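First the structure, in the form of structure tokens, and then the observations on it.
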Amino acid sequence: MKPGRSRTHRRLRAAAAWIVVSSLLIILPGCSEKPKPQPPPPPKVTVAQPVHRKVTDYLDLSGNTQAVYTVQLVARVTGYLEQVLFRDGQLVKKGQPLFVIQRNTYENNLQQAQAAIQQYKAQLEYSESQFTRFSNLAQNKAAAQSDIDNWRYQRDQAQANLRSAEAQRDLAVLSLSYTDVRAPFDGRIDRRLKDPGNLVGSDGNTVLAQINQVDPIYVYFNISDLDLARLLKRTGGIPGPSDARKWPMQVGLPGEDGYPHKGHVDFAAISLTSTSGTLLMRGVLSNPDGRILAGLYTRVRVPVEERAAFLVPDAAIGHDQQGAYVFVVNDKNLVERHGVKTGPAVDALRAIDDGLKGEEWVVVNGLLKASPGRQVTPERETGPRS
């Protein structure tokens, strides 16, 4: 073989070897590629259909409690305060003694009035007998007419004095009774304002303490003209003292859940406030243990109407800038956002006034796994929902 042809042949073999090696380098990495991972299955969510049930629409208002009766106990007679017969803030009964004012002066006044009655009774009996005696003598012309007139005058004067003495006795009895200050009704008494040993009643009516009736207790609140129109449409009239005109209401106090206290609305003002367009109303609550104090802030709920509605769990309702919504899973297991209008709450459920027809499957558990357009694996809730 010629030298030039041999060199050409070696070059061709080198080029062929390079091509083979390159091909192997290209093919070998392909052989070592791992299979692509499978996408995770759609997340599981729990779905349920809305519950069809009757619900009650309420007006949620705010108010304040006030005692039915509030009385200031005053000293109606002058004297030194001798005794205080209660503990500050105590619950008291009607007629229970509370204060004792100096009694000896008024007891002596009563004895003096009783003695005057005895004196004038004696004068009346004597003048009556003398008048009768001289009247009989005058029939026999044995007595002068002036004597008869004198004893008639003495008799009539004694009768007038006796009536005056009896009136003075009654006043003395009344003044003596004022020294014993008693509770005018069942209630809670405030702290004493005067201590024993002080002179009371000398400069007018000295206030000794204040007492509130605690059972029942009033709740005052204001209602707007629009809400009043809704209530009048249902009730047909302003609330009043008769049983047929009493509107039911529920009340919740600070620190309480819900509205545990039941009562009724028994009064409405005769006109609305022109500046605010509201009407003052008053409800009555039972308060046998006196736990509800006057002046407390209250939450008031007044029922308006009863109607049928669809309900979903309150936890299934979300809120964003567009408003309230629920997630619904369609027949392709895709999540859809449905805007809704919510109504009153019933236990752990919430009424839906608009946005659902009742046939939808609403996501009630796993909301964080759902988003509009995402595919999910729905699991239907079993058992009745209360």
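Keep in mind that this is a model prediction, so the values were computed, not measured. Sequence positions, counted from 1, serve as the residue numbers for this chain.
Residues Val363 and Val329 are in side-chain contact: their nearest non-hydrogen atoms beyond the backbone lie under 4.5 Å apart. Taking 4.5 Å as the limit, every side-chain heavy atom of Lys369 sits out of range of all side-chain heavy atoms of Val376. With a 4.5 Å cut-off on side-chain heavy atoms, Leu85 and Val100 count as touching. Proximity of Ile189 to Gln210: side-chain heavy atoms (C-beta onward) are nowhere separated by under 4.5 Å. Pro248 has its side chain out of reach of His264: every pair of non-hydrogen atoms, C-beta onward, lies at least 4.5 Å apart. A heavy-atom distance below 4.5 Å is not found between the side chains of Val312 and Leu349. Proximity of Tyr259 to Arg299: side-chain heavy atoms (C-beta onward) are separated by under 4.5 Å at one or more points. With a 4.5 Å cut-off on side-chain heavy atoms, Asp180 and Pro97 count as touching.
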Exercise for review: Quick one: do Ser224 and Asp227 satisfy side chain to side chain donor-acceptor pair (under 3.5 Å)? Show the steps, please.
Suggested key: CA-CA 5 Å; Ser224 69; Asp227 291 336; 3.2 Å; yes
Arg188 vs Val92, side chain to side chain contact (heavy atoms under 4.5 Å, CB included): CA-CA, chis, key distance, verdict: CA-CA 6 Å; Arg188 186 189 301 276; Val92 296; over 6 Å; no
Q.
ring pair (Phe, Tyr, Trp, His ring centres under 6.0 Å), that's the test. Do Phe99 and Phe86 meet it? Break it down for me.
A. CA-CA 8 Å; Phe99 296 94; Phe86 66 90; 5.2 Å; yes
With side chain to side chain contact (heavy atoms under 4.5 Å, CB included) as the criterion, how do Leu253 and Ile292 come out once you've worked through the C-alpha distance, each side chain's angles and the decisive distance to 0.1 Å?
CA-CA 8 Å; Leu253 301 177; Ile292 305 176; 3.7 Å; yes
Review point. Going through the checks in order, is the side chain to side chain contact (heavy atoms under 4.5 Å, CB included) test met by Asn161 and Gln123?
Key: CA-CA 9 Å; Asn161 289 336; Gln123 290 180 358; 4.3 Å; yes
| task | Tell me, with the steps shown, if Leu98 and Arg192 meet side chain to side chain contact (heavy atoms under 4.5 Å, CB included). | result | CA-CA 10 Å; Leu98 302 175; Arg192 67 181 184 273; over 6 Å; no
Practice prompt. Under the salt bridge (Lys or Arg N to Asp or Glu O under 4.0 Å) rule, what do Lys341 and Asp354 come out as? Steps first, then yes or no, please.
Written response: CA-CA 5 Å; Lys341 180 181 178 182; Asp354 188 25; over 6 Å; no
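Remark: Asp190 CG to Ile211 CD1 distance equals 10.0 Å, nearest 0.5 Å. Considering CD of Gln168 and CZ of Arg163, their distance stands at 14.0 Å, rounded to 0.5 Å. Distance check, rounded to the nearest 0.5 Å: CD of Gln66 to OH of Tyr218 gives 9.0 Å. For the atom pair Leu61 CG and Thr278 OG1, the distance stands at 10.5 Å (nearest 0.5 Å). Atom CG in Leu193 sits 7.5 Å away from atom CG in Leu208 (nearest 0.5 Å). To the nearest 0.5 Å, atoms CZ (Arg169) and CG (Leu162) are separated by 9.0 Å.
With 3.5 Å as the limit, one finds a donor-acceptor pair spanning the side chains of Glu336 and Asn330. Side-chain contact of Thr179 with Arg103: a donor-acceptor pair under 3.5 Å is present, judged by distance alone. For Asn104 and Gln102, the side-chain atoms include at least one donor-acceptor pair closer than 3.5 Å. Side-chain atoms of Thr275 and Thr273 form no donor-acceptor pair, as typed in the model, at a separation below 3.5 Å.
Formation of a donor-acceptor pair under 3.5 Å by the Gln96 side chain with backbone atoms of Lys93 is found in this model. No side-chain donor-acceptor contact under 3.5 Å links Ser286 to the backbone of Pro216. Of the possible donor and acceptor atoms, one in the side chain of Asn287 sits under 3.5 Å from a partner among the backbone N and O of Val214. Side-chain atoms of Gln213 come within 3.5 Å of backbone N or O of Asp215 as a donor-acceptor pair. Not one N or O on the side chain of Arg155 forms a donor-acceptor pair closer than 3.5 Å with the backbone of Tyr126. No side-chain donor-acceptor contact under 3.5 Å links Ser164 to the backbone of Ala160. With Glu360 contributing its side chain and Gly358 its backbone, the two residues share a donor-acceptor pair below 3.5 Å. No donor-acceptor distance shorter than 3.5 angstrom exists from the side chain of Thr342 to the backbone of Ile352, with no hydrogens or angles considered. Under the 3.5 Å distance criterion, the side-chain polar atoms of Gln90 are matched with a main-chain donor or acceptor of Arg87. In terms of modelled atom types and a separation under 3.5 Å, the side chain of Thr65 and the main chain of Leu293 share a donor-acceptor contact.
What you find for Thr298 and Asn64 is that their closest heavy atoms are OG1-N, 3.8 Å. Closest heavy-atom contact between Leu311 and Arg53: CD1-CB, 3.6 Å. Smallest separation of non-hydrogen atoms from Val207 and Lys194: O-CG, 4.0 Å. In terms of heavy atoms, Gly252 sits closest to Pro260 at CA-CD, 4.1 Å. Smallest separation of non-hydrogen atoms from Arg182 and Gly95: NH1-O, 2.7 Å. Pairing each heavy atom of Val362 with each of Ala316, the nearest pair is CG1-CB, 4.4 Å.
Crowding of Glu306 atom CD: a count of heavy atoms from other residues, nucleotides or ligands under 6.0 Å exceeding 12. Atom CZ of Arg307 has more than 12 neighbouring heavy atoms from other residues, nucleotides or ligands inside a 6.0 Å radius. At most 12 heavy atoms of other shown residues, nucleotides or ligands fall within 6.0 angstrom of atom CD in Gln112. Crowding of Arg76 atom CZ: a count of heavy atoms from other residues, nucleotides or ligands under 6.0 Å not exceeding 12. Heavy atoms of other residues, nucleotides or ligands lying less than 6.0 angstrom from NZ of Lys262 number more than 12.
With hydrophobic clusters built from ILVMFWY side chains whose heavy atoms lie under 4.5 angstrom apart, Val68 does not share a cluster with Leu285. At a threshold of 4.5 Å between side-chain heavy atoms, the hydrophobic network of Ile, Leu, Val, Met, Phe, Trp and Tyr places Tyr58 and Phe221 in two separate groups. Note on Val300: it clusters hydrophobically with Leu272, by side-chain heavy-atom contacts below 4.5 Å among ILVMFWY residues. Residues Val251 and Val304 are members of one and the same hydrophobic cluster, defined by side-chain heavy-atom contacts under 4.5 angstrom among Ile, Leu, Val, Met, Phe, Trp and Tyr. Follow the hydrophobic side-chain contacts under 4.5 Å out from Val71 and you reach Val200 in the same cluster.
Remark: Arg337 is not positioned above the aromatic ring of Phe327, lacking an NZ or CZ atom under 6.0 angstrom from the ring centre and at most 45 degrees off the axis.
Comment: Arg191 does not engage Asp88 in a salt bridge, judged by the lack of any side-chain N to carboxylate O separation of less than 4.0 angstrom. Ion pair Asp60/Arg301 flagged as a salt bridge, since at least one NZ, NE, NH1 or NH2 atom sits closer than 4.0 Å to an Asp/Glu carboxylate oxygen.
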